[in-house]
Amino acid sequence: MIAKVIVDVPVSQTDRPFDYLIPDDLEPVVEPGMRVVVPFGPRKLLGFVVGKEQHSELKKIKPIESVVDHTPVLTDELLELGSWLSETALCFTVSAYLAMLPAVMKANYKKYISVADDKALQENYPGVYDFMTKQQKPVEWESIVKNQPSYLKDLQNGIKKGWLSVEQKVEDKRKEKRVKMISPADYINLHKALEDMDKRAEKQKKVLRFFLNRSQNEPAVLSELLKELGVSRPSVKGLVDKGYLIEQEVEQFRDAYARSDIKPTSALTLTDEQEEVLKPIEEDIASGHHHVYLCHGVTGSGKTEIYLQAIEKVINMGKEAIVLVPEIALTPQMVHRFKGRFGSEVAVMHSGLNKGEKYDEWRKIHTGKVRVVVGARSAVFAPFKNLGIIIIDEEHETSYKQEENPRYHARDVAIFRGTFHNCPVVLGSATPALESFARAQKGVYRLASLAKRINNQSMPEVMMIDMREEIRNGNRSMFSKVLHDKLLDRLDKSEQSVLFLNRRGYSTFVMCRDCGHVIQCPHCDISLTYHRRHAELKCHYCGYQESLPNSCPSCQSEHIRYFGSGTQKVEEALTRMIPEARVLRMDVDTTRRKGSHEKLLKAFGDGKADILLGTQMIAKGLDFPNVTLVGVLAADTMLHLPDFRASEKTFQLLTQVSGRAGRHEKKGEVVVQSYTPDHYAIVHAGNHDYNGFYNQEMRERQSHRYPPYYFLALVTVSHTEFPKVVDVTESITNVLKQSLTQTAQILGPVAPPIPRIKDRYRYQCMIKYKNEPNLLNVLNKIQSHYQEAFTKDNLHISIDVNPFILM
DNA sequence: AGCACGCCGACT
DNA sequence: GTCGGCGTGCTC
């Protein structure tokens, strides 16, 4: 038998199956979807078996070296999904497969050197010989490179001459936690065994009695058993050898939520509106039909309860469910809701888990221990075999698009899988992406609306503050008079407030007041960000840092200071303004440590602070009954980013933030400060008017030929030399112009908003198109044609179909 | 990507 | 005459 194997070499020349002979003894073992180790040229590689065939057309076929997995780690569906991804996202098939698995399942390649010809080596390279014999065991190549680079040359020659041998190893980084379990053998009568025992074997009898007193044949953990009975390992081993007891290794799952106290919940009564949304979804689940539902529900309208009840239906039918949540909203509150309803049926996948924990959660899914996964983007690849529903909450979130290879969008993957499994895909949002809403309007998706909040709470009142007015009235602080007063008012009533600072595009840069010089990264064309903590300037793109200078590097003036507004700066101003307020700051700095996110939120929920101040991360999913005021400090910072989605993002963010107020009995208020309060994104957000925003933004998109009216593809070229980048981008642009239809618009070559990152110049070419059946083909050709030149010349090309970030 | 093969210059 | 530079091409 022949196995078709995709090898772990992510280049276009090897992006196809290679034939390998399946040795007779592995014949019954090897199945598509398994990882195998195969010889490839002179080395050994990890590969994915994608098919089995009786014959091969090739003469020279090497056998599979070994099989890594006991059961396939990718189902047939996921294998198919991988090749679909490689075509549509223009990535290599292996990259797609690896993206579907936890990181620990990537191969670890190691090279080991050992002595093959003692005599010859000793004669020619005595130094190397001494070194090698001192080490005894084969020596890992990388450790020599790191620690004894002086030997490398001689070693290389020794290998060439055959005095040293090289062994390639493919290692797997995964490590299951395993425990030894002891249980009585099924067919053994313990009473009889006890009688048969040697009189002197007190310890062994003690063990048998222990199992006699236990219900049925319940296994016990070996280590605990030994401790409890005060016997030693050989006593148990003796019984195992006699065949009375059975020892087996059982995987133990690390459970990050094992200790938390989550109370079970049961289904809530739905409102008529919720009922109406749920009904067609349930019908699809019952009858096995695929539709995409866009569930447009205002914040607080009870979307999650609909998800929960749909999942319940899915579980009752013996099927499985995937719930995607943006990373930032994967808060403990959210996880608790699912754990509370479905208990141990739920696996949770988020970036807070370490690699081992992620692997364990993945295995819970793979081994069928759970039926529900709640997770961020990559959870869409959960290896379920019988999916009954896929839910994407906050579907408009940009984090669903992966910004590196494979550049997939979780929504597209979900729809692929939903089609395969004939199950519904539910997209939920208070502010759907324009693309999604447009599709729903066209009838491609089924639109379901929830216009009312549960318990009929009204939407919070939104006040727009024109900050230009404040400045005119002599208020130069970052807090308007109104916001200041309202904060004090809440403090009086001991109610809580949330202050939201939209920091994106608002980095705290350092500028000289005399000459206007802004300190920039020497490797990237972007200004450095000031970090107060260590009085350092950091580059967010390449990690470069330097200490804050005392004088301007350009004019030597000492009037150099930082501008912009970070959370730290706001916190300072806030405590200066209202010293008695207890402020909790939440940003990347205060939440870096594991679990600190949860801790901070808990502290706020427990009323240990009056004001929660934070960035993006507090915009989602927070639900505190005592919060009655939400302040947005600078609503329009994002509006002026060079991004055609700037208005949409601003609208979404303001709507989400406003939704944090007054979700319970107490009425909520929102204060939005901006310098452009009459911008339509801000106005419509203030009126909670999605449709109004949608209609206006759609006109903008149409007139500027942007999505959803046109599709986009973005080609970015980078190299250390500027003329080269321009040159290559130009020729790519020409190829595109010749190969695409007249209706396609090709913009470029143009310099992107950040023209240089990590000392590499960048240039782009953007394609706007409506219908280009040939596009993927052409882009694929461009990628593989230039790739050879690219790798050896250190040129880089990245192609993003449907890009989200245009930088 | 790695690695071998192979074809030319600068050294014992 | 050989060591070693890195251009070219292949890997089942």
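Residue numbers begin at 1 in each chain, while the letters A, B, ... track the order of the sequences.
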Could you state the [atom1]-[atom2] distance from [X] to [N], rounded to the nearest angstrom?
| X | N | atom1 | atom2 | answer |
| --- | --- | --- | --- | --- |
| Gln13(A) | dC12(C) | CD | P | 14 Å |
| Gln156(A) | dC3(B) | CD | P | 10 Å |
| Lys111(A) | dG2(B) | NZ | C1' | 9 Å |
| Glu53(A) | dC12(C) | CD | C1' | 13 Å |
| Arg16(A) | dA1(B) | CZ | P | 16 Å |
| Asp15(A) | dT11(C) | CG | C1' | 14 Å |
| Ile159(A) | dG2(B) | CD1 | C1' | 14 Å |
| Lys52(A) | dC12(C) | NZ | C1' | 17 Å |

If you look at every strand shown and take non-hydrogen atoms under 4.0 Å, does Leu58(A) touch a base, only sugar-phosphate, or nothing?
base
The nucleotide from dC12(C), dA1(B), dG4(C) with an atom nearest the side chain of Val9(A) is dA1(B)
Out of dC10(C), dC3(B), dC12(C), minimum distance to the side chain of Asp19(A) belongs to dC12(C)
Selection: residues 37-48 of chain A, any non-hydrogen atom under 4.0 Å of DNA chain C:
Pro39(A), Phe40(A), Gly41(A)
Listing request: all side-chain hydrogen bond (donor to acceptor under 3.5 Å, both in side chains) pairs with a residue in residues 725-740 of chain A, at least two apart in sequence or in separate chains.
Ser731(A)-Tyr786(A)
Pairs touching residues 74-85 of chain A that satisfy side-chain hydrogen bond (donor to acceptor under 3.5 Å, both in side chains), sequence neighbours left out
Glu77(A)-Arg417(A), Glu77(A)-His421(A)
Does NZ or CZ of Lys169(A) come closer than 6.0 Å to the centre of the six-membered ring of Tyr112(A), within 45° of the ring's axis?
yes
Under the side chain to side chain donor-acceptor pair (under 3.5 Å) test, residues paired with Arg35(A) that sit two or more places apart
Asp69(A), Asp172(A)
Under 3.5 Å, sequence neighbours excluded: what are the donor-acceptor pairs made by side chains of residues 745-754 of chain A?
none

Distance below 4.0 Å between Gln168(A) side-chain N/O and dC3(B) OP1 or OP2
yes
Side-chain (His366(A)) to main-chain (Pro72(A)) donor-acceptor, under 3.5 angstrom:
yes
All salt bridge (Lys or Arg N to Asp or Glu O under 4.0 Å) counterparts of Glu53(A), not counting sequence neighbours
Lys4(A)
